[in-house]
Amino acid sequence: MNHHLTPPPTPPQPWLIAQTLADVWFFHWPIPAAALQLHIPAPLSLDCRDGTAWISIVAFRVQHERLRFLPPMPGLSSYLQLNLRTYVTYDGEPGVFFLSCDVSSWLHALAARMIWRLPYLPSRLRFTAHGQHTSLICERPNLFTPAARFAAQMHQSPRPAPIQPASLADWLTARYSQYLIIRGALHRGDIRHAPWPLQPAEGVIHANTLPTSIKLPALDEKPLCHYASSVTAHVWPFVRLGTGKHQ
């Protein structure tokens, strides 16, 4: 679908988590839809742009994370995260489906796996910034999935570039729902934040075995890249939608 992705209405229940997402790097690749289809559980549908499916790696710093009515917990409120995701719809509502989520905090990874069955993986992540240049390394041990590595050098433009409605950047980044299967049932989790302050960016990928570690094709093409400095986000609890199973 080539839809313009505006935020849906705020969910009626209270949000659960507040956090700042900082130094957000987006890497996007087109990929044959057939390569992703076996990874998408029914009743989700793969969301394509002009007939092409996309897969993305999104890396960022989580800062000042806290539960509702509580202050940030020292030592637990900041960590690094890197998501491998693709794009789906359910009942016409667009969102993302996470294929893996690497986090630098073992506690967050294990809690997310045990409580919500999220595909979180404890990994070694490192951001190193030098002016407009940043290096990123993610090293995943052979634990819940085969070992994998992602390494990139990035450079962002010094000026934000507003997202144009219905553009490819809008389609890839303006996503406010995530879908996953919890104990055999499809659930949706919602997140709300201001529009990303996107800047054009360039990325050179030195290593990327994240897709092949879960039996997806290697991503050989140069990625489409964006950078966003930070947004404040609110995360809602997962809501059960129906039965889910892999196709």
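Keep in mind that what you see is a predicted model, and the values were worked out from it rather than measured.
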Can you name the residues that form a side-chain hydrogen bond (donor to acceptor under 3.5 Å, both in side chains) with Gln178, not counting sequence neighbours?
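Gln178: no side-chain hydrogen bond (donor to acceptor under 3.5 Å, both in side chains) contacts found.
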Show the numbers, then the answer: is there a salt bridge (charged side-chain N to carboxylate O under 4.0 Å, His left out) between Arg175 and Asp170?
CA-CA 9 Å; Arg175 300 275 169 157; Asp170 176 49; over 6 Å; no
With sequence neighbours left out, write down each residue that passes ring-ring contact (aromatic ring centres under 6.0 Å, His included) with His226, or none if nothing qualifies.
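Expected list: His28.
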Please verify the inter-ring angle class for [X] with [Y]; under 30° counts as parallel, over 60° as perpendicular, anything in between as tilted.
| X | Y | answer |
| --- | --- | --- |
| Tyr227 | Trp25 | tilted |
| Tyr87 | Trp171 | tilted |
| Trp15 | His234 | tilted |

[X] side-chain N/O to [Y] backbone N/O, donor-acceptor pair under 3.5 Å:
| X | Y | answer |
| --- | --- | --- |
| His193 | Ile191 | no |
| Arg61 | Ala22 | no |
| Arg85 | Leu99 | no |
| Trp236 | Gln13 | yes |
| Ser105 | His108 | yes |
| Trp54 | Arg49 | no |
| Ser77 | Pro74 | no |

Any luck finding a side-chain donor-acceptor pair between Arg192 and Thr10 under 3.5 Å?
no
Would you say [X] has more than 12 foreign heavy atoms packed within less than 6.0 Å of its [atom1]?
| X | atom1 | value |
| --- | --- | --- |
| Arg68 | CZ | yes |
| Gln132 | CD | yes |
| Glu202 | CD | no |

Candidate list Leu125, Ile57, Leu80, Asn208, test side chain to side chain contact (heavy atoms under 4.5 Å, CB included), partner Cys138, passing option
Leu125
Could you check, using the six-membered ring where one of them is a Trp, whether Phe150 and Phe27 have ring centers closer than 6.0 angstrom?
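So the answer is yes for these two rings.
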Are Arg149 and Asp102 ion-paired here, with the side-chain N under 4.0 Å from a carboxylate O?
no
